Amino acid sequence: MHNVIIRMQSIVSCVCLVFVVTCSAIDLNEDLRQLTLMLPGIYSYNSEQSRNIGKSLERPLNPEQTPAEALTTIPLSATYRPVDISFLNGAFNVYVEQTLHGKTRPHRRWLYSFSIDESTRSIKLQVYNFKDRSLAEKISRNLGALRYLSERDVTTSSNCDMFWRRLGETFVGTTSRHCMAVVDSKQVMPK
């Protein structure tokens, strides 16, 4: 019996050691650096999705579809450009524009701010919306206008902060179940 107890203690110690080594091996600075290299660019749906543009824009929100499924069927392209934001120092900030296929003007604009969150051992993404549509239009035409942006010009909701972790070559994110998404002009909550 004594021998079994010693082995159990060894197994528990080994599991704890592996857990500590695994947790301490997360390098959030490197993960954030990797994200700054991977994220900027222009993203678009493939040609199969592009052929169905009219169908997906005209159909109502399918109640059997999850919010994630609904979001991935909207035919659009997105542009992610790194920017400096004076009131978001120490973060990797990105100006994001989404444009529906076949349109020339963006229909949605945001600021994404990525920073290290030690309390969750993850990369935190805060999404900022522009309060004034005319300001968003000015910034869209001239990114230099971002230097005049202040905290009073944007809104954010901590319920919609996302927490990202790197898994191999991929980043996986999660958000609060209280975050409301807008799909086809309807507010939806994750299931």
Side-chain angles (χ1 to χ4, degrees), residues 31-45 49-50 53 56-58 60-61 66-117 119-120 122-164 171-190:
D31 290 353
L32 184 59
R33 189 189 74 74
Q34 192 65 32
L35 192 64
T36 66
L37 298 174
M38 292 172 63
L39 184 61
I42 300 172
Y43 300 88
S44 183
Y45 284 95
Q49 291 164 318
S50 296
I53 292 171
S56 62
L57 291 177
E58 294 168 7
L61 184 64
T66 68
E69 290 168 337
L71 287 171
T72 59
T73 60
I74 299 171
L76 57 83
S77 63
T79 304
Y80 294 77
R81 291 183 253 177
V83 293
D84 291 322
I85 306 295
S86 62
F87 62 91
L88 297 172
N89 286 329
F92 170 56
N93 302 304
V94 182
Y95 173 73
V96 181
E97 288 184 336
Q98 284 186 347
T99 306
L100 293 170
H101 284 292
K103 305 290 183 184
T104 56
R105 294 177 48 148
H107 80 285
R108 300 280 316 261
R109 298 169 187 92
W110 303 273
L111 289 177
Y112 285 2
S113 184
F114 294 90
S115 59
I116 292 173
D117 186 311
S119 66
T120 61
S122 62
I123 296 173
K124 179 179 176 179
L125 164 60
Q126 290 180 281
V127 178
Y128 290 87
N129 294 295
F130 296 99
K131 287 182 181 177
D132 183 354
R133 189 177 184 102
S134 67
L135 176 62
E137 293 286 334
K138 288 178 191 174
I139 290 169
S140 180
R141 288 189 302 272
N142 177 13
L143 282 182
L146 283 170
R147 80 180 116 218
Y148 305 109
L149 193 69
S150 75
E151 288 180 80
R152 295 181 307 275
D153 298 321
V154 293
T155 62
T156 189
S157 170
S158 61
N159 282 342
C160 291
D161 290 348
M162 290 192 78
F163 296 91
W164 294 85
F171 284 87
V172 177
T174 186
T175 188
S176 162
R177 295 190 60 72
H178 303 289
C179 181
M180 297 290 285
V182 177
V183 178
D184 290 339
S185 302
K186 306 250 190 284
Q187 284 192 332
V188 294
M189 287 186 79

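Just so you know, these numbers use all the heavy atoms, side chains as well, and skip hydrogens, waters and symmetry mates. Sequence positions, counted from 1, serve as the residue numbers for this chain. Predicted model, so just to flag it, every value in this text is computed and none were measured.
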Within this structure, what is the [atom1]-[atom2] distance for the pair [X] and [Y], rounded to the nearest 0.5 Å?
| X | Y | atom1 | atom2 | result |
| --- | --- | --- | --- | --- |
| Asp31 | Ile116 | CG | CD1 | 8.5 Å |
| Thr174 | Leu125 | OG1 | CG | 12.0 Å |
| Thr99 | Arg109 | OG1 | CZ | 8.0 Å |
| Asn159 | Thr175 | CG | OG1 | 7.5 Å |
| Ser115 | Leu32 | OG | CG | 8.0 Å |
| Tyr112 | Thr156 | OH | OG1 | 11.0 Å |

Practice problem: Taking all non-hydrogen atoms of both residues into account, name the closest pair between Glu151 and Phe87 and its distance. | Solution: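 Scanning both residues, the minimum pair turns out to be CG-CD1, 3.1 Å.
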Quiz prompt | Phe163 versus Lys124, closest heavy-atom pair with distance | solution = CE2-CG, 3.8 Å
Exercise. Could you check Leu111 against Tyr95 for side-chain contact (heavy atoms from CB on, under 4.5 Å), going step by step and ending with a plain yes or no?
Key: CA-CA 5 Å; Leu111 289 177; Tyr95 173 73; 4.1 Å; yes
Quiz item: Could you walk me through whether Gln98 and Ser77 pass the side chain to side chain donor-acceptor pair (under 3.5 Å) check?
Solution: CA-CA 6 Å; Gln98 284 186 347; Ser77 63; over 6 Å; no
Is any side-chain heavy atom of [Y] closer than 4.5 Å to one of [X]?
| X | Y | answer |
| --- | --- | --- |
| Ile85 | Tyr128 | no |
| Arg105 | Glu137 | yes |
| Phe92 | Ile123 | no |
| Pro40 | Arg81 | no |
| Leu88 | Ser113 | yes |
| Asn89 | Asp84 | no |
| Ile139 | Leu149 | yes |
| His107 | Glu97 | no |

Quiz item: Counting only heavy atoms not in Tyr148, do more than 12 fall under 6.0 Å of its OH?
Solution: no
Practice problem: Report the C-alpha separation of Phe114 and Leu39 in whole Å, then their side-chain angles, then the decisive distance to 0.1 Å, and conclude whether the side-chain contact (heavy atoms from CB on, under 4.5 Å) test is met. | Solution: CA-CA 11 Å; Phe114 294 90; Leu39 184 61; 3.5 Å; yes
Self-check item: NZ/NE/NH1/NH2 to OD/OE distance under 4.0 Å, Lys131 and Asp153
Solution: no
Quiz item: So, Asp117 versus Ser122: side-chain donor-acceptor pair below 3.5 Å or not?
Solution: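 On atom types as modelled, these side chains do not qualify, holding no pair under 3.5 Å.
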Exercise. Could you walk me through whether Asn129 and Trp110 pass side-chain contact (heavy atoms from CB on, under 4.5 Å), step by step?
Key: CA-CA 5 Å; Asn129 294 295; Trp110 303 273; 2.9 Å; yes
